[in-house]
2 protein chains.
Amino acid sequence: MRNKINKSDLIMKAALEIFANKNFKDVTISEIAERAGVAVGTVYEYFNNKEDLYFSIPQKTSEHFNEQLGLHLEGLYSPVEKIRKFIWFYLHYLENHPIYTELLLMELRVNKNFFNTGHHRGLSDGTTEILKLIEEGQQQGEIRNDISPYLIRHLILGVLEHITTYWVLKGKKGDLVSFSKDTAELVLSGITLKLDSTSGVI
Amino acid sequence: MRNKINKSDLIMKAALEIFANKNFKDVTISEIAERAGVAVGTVYEYFNNKEDLYFSIPQKTSEHFNEQLGLHLEGLYSPVEKIRKFIWFYLHYLENHPIYTELLLMELRVNKNFFNTGHHRGLSDGTTEILKLIEEGQQQGEIRNDISPYLIRHLILGVLEHITTYWVLKGKKGDLVSFSKDTAELVLSGITLKLDSTSGVI
DNA sequence: ATACACTTTGAACCTTATTCATTTTATAAA
DNA sequence: TTTATAAAATGAATAAGGTTCAAAGTGTAT
């Protein structure tokens with residue numbers, strides 16, 4: 001046969017479209033099944049339950065995010081410049097993937113079940129990559145190493161997620177990427193080592 | 001009559017105890033009613049629905065947070081010192097109110113319904129206070145004013161919420177307040193104006 | 001053509017939020 | 001104290017939706 005359109009993909013596509021406009025609890029399985037053109041029971045052949053279906057939606061977009069991030073960092077040398085680029089890319093990408101953003105920040109990031117299952121791994125909102133950049137910067141002497149790289153990551157992801165969360169809560173008005181320049185300036189002035197003698201971190 | 005124990009408080013107390021151990025959807029109204037010693041219908045006399053009950057739980061704790069924050073900032077002069085203290089207090093308070101913290105960060109902060117109803121106002125995770133401190137600092141020349149105070153607030157609340165969120169997701173192991181010193185150092189070195197001539201922001 | 005395994009189906013089941021007619025309790029008036 | 005009236009409390013009935021599973025359908029190999 002040729003219509004090898006994976007049913008799983010079909011269901012996920014329908015789910016994505018519906019979850020885009022409603023909260024988790026306002027979406028019904030029968031609604032998703034109907035849009036996907038399958039029976040209710042079929043949904044349960046491919047997903048354990050409603051939450052499992054929900055969690056699996058961002059998987060592909062996350063992979064795409066990571067791929068594209070790699071491309072955008074390619075060719076840059078300085079870890080600090082890479083971090084600057086990371087900040088830009090994060091805001092740029094999320095602004096252009098609003099459904100994904102809402103799912104990720106509003107529901108998944110803070111969901112214990114999500115965090116504690118396989119779904120979380122391999123998603124990595126750039127979490128691993130940014131840590132690598134920080135450690136690289138510390139080794140090369142561009143970034144202060146009197147502070148844990150994990151705390152620096154909290155700073156960077158924290159401000160980005162906070163900005164983005166409020167952008168979503170306020171209805172996604174205005175552009176997100178316009179925060180990029182000042183955010184990078186703010187973050188980098190806190191984590192870079194100044195090379196003149198007067199500004200040693202006490 | 002003397003048993004003027006407000007039924008509303010009674011129900012909220014029971015709800016708090018139960019929500020402390022389960023997710024929103026795993027908690028039933030009948031469970032809450034039973035623990036509160038009232039009938040199911042009574043719950044609906046005092047709260048519009050399950051979500052309304054849920055949202056009203058953190059109200060009192062938030063008021064307490066704000067009160068205590070006021071006391072802790074009292075007597076300090078420098079805005080920068082006040083911000084340092086804010087960071088300490090935030091981590092200290094949340095570490096000592098784990099149920100409140102989980103509710104606030106995991107569920108409410110990112111809930112559109114919560115954000116868009118009266119519940120959000122008057123809760124203010126110190127949101128208003130910290131903005132005031134930043135603006136004060138900018139006026140007095142301690143804090144750089146080439147960056148919007150709102151963005152600086154995103155930085156401060158962002159890193160604090162991020163640290164705390166991961167602390168919760170990882171099962172509240174270790175102490176939170178120990179991050180206070182480095183976090184303050186990191187944040188403040190990004191937002192304070194250095195007074196020597198070499199480090200002017202370009 | 002037949003047997004077998006794998007998909008798909010959707011009606012039935014079960015749990016739970018929410019409602020509302022009825023009962024109970026408190027307050028005020030006589 | 002008795003009666004009238006309003007307020008509070010009740011829990012059985014309703015409605016909605018997630019999940020299950022026995023039956024029907026579809027494809028593949030012998």
Side-chain angles (χ1 to χ4, degrees), chain A residues 1-58 103 106-108 111-114 116-119, chain B residues 1-58 103 106-108 111-114 116-119:
Chain A
M1 77 259 50
R2 73 261 89 111
N3 69 338
K4 245 306 166 211
I5 306 158
N6 198 335
K7 279 252 162 79
S8 172
D9 285 350
L10 205 63
I11 293 165
M12 272 178 54
K13 186 168 173 296
L16 174 65
E17 289 165 13
I18 292 174
F19 278 122
N21 302 312
K22 297 191 200 174
N23 289 327
F24 181 77
K25 69 165 188 181
D26 296 327
V27 170
T28 68
I29 296 290
S30 53
E31 195 181 0
I32 293 172
E34 190 175 11
R35 182 180 283 236
V38 302
V40 168
T42 306
V43 174
Y44 286 88
E45 287 296 319
Y46 292 91
F47 301 92
N48 296 326
N49 51 47
K50 190 178 168 187
E51 198 175 55
D52 183 49
L53 167 58
Y54 195 50
F55 285 174
S56 63
I57 291 175
L103 228 66
M106 303 285 104
E107 315 254 13
L108 303 181
N111 188 305
K112 269 187 168 173
N113 292 340
F114 183 72
N116 295 325
T117 56
H119 290 291
Chain B
M1 78 263 43
R2 72 261 91 105
N3 68 339
K4 246 304 165 214
I5 306 158
N6 197 335
K7 278 253 164 76
S8 171
D9 285 351
L10 205 63
I11 293 165
M12 274 180 51
K13 187 169 174 296
L16 174 64
E17 288 165 13
I18 291 173
F19 278 122
N21 301 312
K22 296 191 201 175
N23 289 327
F24 180 78
K25 67 163 189 181
D26 295 328
V27 170
T28 67
I29 296 290
S30 54
E31 196 181 359
I32 293 172
E34 190 175 12
R35 183 181 283 237
V38 301
V40 169
T42 305
V43 174
Y44 287 88
E45 287 295 321
Y46 292 91
F47 302 92
N48 296 325
N49 51 46
K50 190 177 167 186
E51 198 175 54
D52 183 49
L53 167 57
Y54 195 50
F55 286 173
S56 62
I57 291 175
L103 227 66
M106 303 285 105
E107 315 252 14
L108 303 181
N111 188 306
K112 270 187 169 174
N113 291 341
F114 183 72
N116 295 324
T117 55
H119 290 290

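Just so it is clear, the structure is predicted and the values come from calculations on it, not from any experiment. In the text below, chain A, chain B and the rest are named by the order of the sequence lines, each starting its count at 1.
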In this structure, how many angstroms lie between the [atom2] atom of [N] and the [atom1] atom of [X], rounded?
X: B:Tyr44; N: D:dA8; atom1: OH; atom2: C1'; result: 17 Å
X: B:Asp26; N: C:dA17; atom1: CG; atom2: C1'; result: 14 Å
X: A:Ile29; N: D:dG18; atom1: CD1; atom2: P; result: 5 Å
X: B:Lys25; N: D:dG18; atom1: NZ; atom2: P; result: 11 Å
X: B:Glu51; N: C:dT18; atom1: CD; atom2: P; result: 9 Å
X: A:Asn48; N: D:dG18; atom1: CG; atom2: P; result: 16 Å
X: B:Glu34; N: D:dG11; atom1: CD; atom2: C1'; result: 13 Å
X: A:Lys50; N: C:dC14; atom1: NZ; atom2: P; result: 21 Å

Item to complete: Determine, stepwise, if the pair A:Glu31 / A:Arg35 fulfils salt bridge (charged side-chain N to carboxylate O under 4.0 Å, His left out).
Response: CA-CA 6 Å; A:Glu31 195 181 0; A:Arg35 182 180 283 236; over 6 Å; no

Fill in: Closest heavy-atom pair and its distance - B:Val27, B:Lys22
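Taking every non-hydrogen atom into account, CG2-CB, 3.6 Å.
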
Discussion item. Under 4.0 Å from OP1 or OP2 of C:dT7: is there any side-chain N or O of A:Lys7 that close?
Written reply: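 It does not, given that no N or O in the side chain of A:Lys7 lies less than 4.0 Å from OP1 or OP2 of C:dT7.
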
Discussion item. Closest approach to the side chain of B:Val40, judged atom by atom: which nucleotide of C:dG10, C:dT18, C:dT9 is it?
Written reply: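 Side chain of B:Val40 sits closest to C:dT18.
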
Would you classify [X] as touching base, sugar-phosphate or nothing, given that sugar-phosphate means primed atoms plus P, OP1 and OP2, and contacts are heavy atoms under 4.0 Å?
X: B:Tyr46; answer: sugar-phosphate
X: A:Thr28; answer: sugar-phosphate
X: A:Val27; answer: sugar-phosphate

Discussion item. Strictly distance-based, threshold 3.5 Å: is any side-chain N or O of B:Asn23 a donor or acceptor partner for the main-chain N or O of B:Lys25?
Written reply: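 Side chain of B:Asn23 to backbone of B:Lys25: no pair is present.
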
Worksheet item: Taking the six-membered ring for Trp, are A:Phe24 and A:Phe19 parallel (under 30°), tilted (30 to 60°) or perpendicular (over 60°)?
Response: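 Rings of A:Phe24 and A:Phe19: parallel, under 30°.
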
